[in-house]
Amino acid sequence: MSQLKAGIKKEIMLFVRTKRFIAIILVFILLAFIDTFSVTMLKTVANVYDDMLSGLSEQADVNIDFNMTETMEETLGTLSTTSDGLVQYIADVSSAGVVILVLFLIKVAGSEQKKRSTIIPNCAGLKPVNYVLPKFIIYPAFTLILVTLVTFVGYGFSLMFFETDTLSFISILSSGLLAGLFAAFMVAVHLCIGLSTGMPGISAIIIILGSNIVQIFLSGMNVLDVYNPYALIQLSRYTLYVNSDVNLPDTFTTLNMGVSLGMTFVLGALLYALTLFITSARKVDNSGSEPIL
């Protein structure tokens, strides 16, 4: 237990001392601002474009049967409510957000193995569980809290740009937690690959490229929003429209949410178990000029 406490304290001190957590927080807040602001700009640009088309059709006495505002709303949403602003942020959590987290957390996902700084603690009796578990506690938990809190910040930005409606505390909290759990799961995948291989850079590349491939595959199988961790992002977005006039898909059910959450927790536990197994099986190689873990 003392080793575990020391491991948790060490990870927290490392995270705080390097100021990485501040950078991540600021980048996510900026992401929320850009996403909500961009929705406003899209609405403005669509209205200006439609006015131009209307003027041209009147001058040329030609009926131009096209409305950009309606077309964009059919694709992206109403573009006029606080929910629309937050939805763009939630969508980016699964893409740009994951990339940001993976890049900022490269050094904690096995880089110390590459630098051989774990050799002496390992030989001195550091148990693998006390090396792996603190990372799987600190960084996914930080990610979950970060995404959830910034969802409320994003809601504040949305209120600045949209004055048509307000969202309930439960809706925002539920949406933030679902998106945060997905991001935390992706951080766990990053830790699993990085700690198991000792190559966090390769892990980052696999996450960034592999996540898109998996989403394309699940989308092609028509299971992107059901019974898997990726469904949490879709469910997070749907949650914001619960009390609106937007027609939600049939996949937005309590069963789907429960199974998707269960799958996320089970897969997360399996990632930890796999990482611990591989880390425990690795031995210090003293055959060369320098020891290698």
Side-chain angles (χ1 to χ4, degrees), residues 7-39 85-115 117-118 131-158 160 172-173 175-195 197-212 232-233 236 268 271 275:
I8 293 175
K9 183 179 179 181
K10 171 250 182 186
E11 293 297 336
I12 293 176
M13 291 178 63
L14 176 64
F15 201 34
V16 172
R17 187 174 67 248
T18 57
K19 303 295 191 299
R20 281 196 297 269
F21 78 101
I22 297 179
I24 296 174
I25 292 173
L26 292 177
V27 171
F28 264 77
I29 291 176
L30 179 62
L31 184 67
F33 175 79
I34 292 175
D35 285 332
T36 52
F37 180 70
S38 64
V39 173
L86 270 183
V87 162
Q88 299 307 310
Y89 162 70
I90 296 299
D92 269 351
V93 167
S94 65
S95 53
V98 169
V99 173
I100 291 167
L101 287 166
V102 166
L103 293 179
F104 273 104
L105 296 179
I106 278 183
K107 287 192 175 182
V108 302
S111 63
E112 62 268 74
Q113 297 177 22
K114 190 174 182 180
K115 296 178 180 179
S117 60
T118 58
Y131 166 65
V132 174
L133 185 56
K135 295 180 181 292
F136 272 83
I137 292 176
I138 298 299
Y139 302 110
F142 167 78
T143 301
L144 173 61
I145 295 171
L146 169 69
V147 174
T148 303
L149 292 181
V150 176
T151 301
F152 283 93
V153 175
Y155 176 63
F157 290 143
S158 292
M160 292 170 54
I172 304 170
L173 179 62
S175 180
L177 286 173
L178 289 170
L181 282 171
F182 171 79
F185 172 77
M186 297 306 295
V187 168
V189 175
H190 179 45
L191 291 173
C192 176
I193 300 174
L195 295 176
T197 62
M199 296 183 290
I202 299 298
S203 173
I205 295 173
I206 292 175
I207 295 296
I208 294 172
L209 297 180
S211 179
N212 293 326
L232 297 181
I233 287 294
S236 174
L271 289 171
T275 305

What's the separation between atom [atom1] in [X] and atom [atom2] in [Y], rounded to the nearest 0.5 Å?
{"X": "T143", "Y": "I24", "atom1": "OG1", "atom2": "CD1", "answer": "7.0 Å"}
{"X": "D92", "Y": "D35", "atom1": "CG", "atom2": "CG", "answer": "4.0 Å"}
{"X": "K19", "Y": "L26", "atom1": "NZ", "atom2": "CG", "answer": "12.5 Å"}
{"X": "I100", "Y": "L105", "atom1": "CD1", "atom2": "CG", "answer": "11.0 Å"}
{"X": "I106", "Y": "L101", "atom1": "CD1", "atom2": "CG", "answer": "12.0 Å"}
{"X": "L133", "Y": "I8", "atom1": "CG", "atom2": "CD1", "answer": "6.5 Å"}

Is any side-chain heavy atom of [Y] closer than 4.5 Å to one of [X]?
{"X": "F157", "Y": "I34", "result": "no"}
{"X": "L271", "Y": "F185", "result": "yes"}
{"X": "I90", "Y": "S175", "result": "yes"}
{"X": "P140", "Y": "L191", "result": "yes"}
{"X": "K10", "Y": "P134", "result": "no"}
{"X": "V98", "Y": "F182", "result": "yes"}
{"X": "M186", "Y": "V102", "result": "no"}

Here the pair of heavy atoms bringing P200 nearest to H190 is O-CE1, 3.7 Å

According to the interplanar angle, ranging from 0 to 90°, do the rings of F15 and F21 count as parallel (below 30°), tilted (30 to 60°) or perpendicular (above 60°)? tilted

Sequence neighbours left out, what pairs pass salt bridge (charged side-chain N to carboxylate O under 4.0 Å, His left out) with at least one residue falling in residues 132-143? E11-K135, E112-K135

Evaluate side-chain contact (heavy atoms from CB on, under 4.5 Å) for I202 paired with I193, printing each intermediate quantity in order. CA-CA 8 Å; I202 299 298; I193 300 174; 5.7 Å; no

Counterpart residues, ring-ring contact (aromatic ring centres under 6.0 Å, His included), relative to F136 (two or more places apart): Y272

Donor-acceptor under 3.5 Å (S94 side chain, A91 main chain): yes

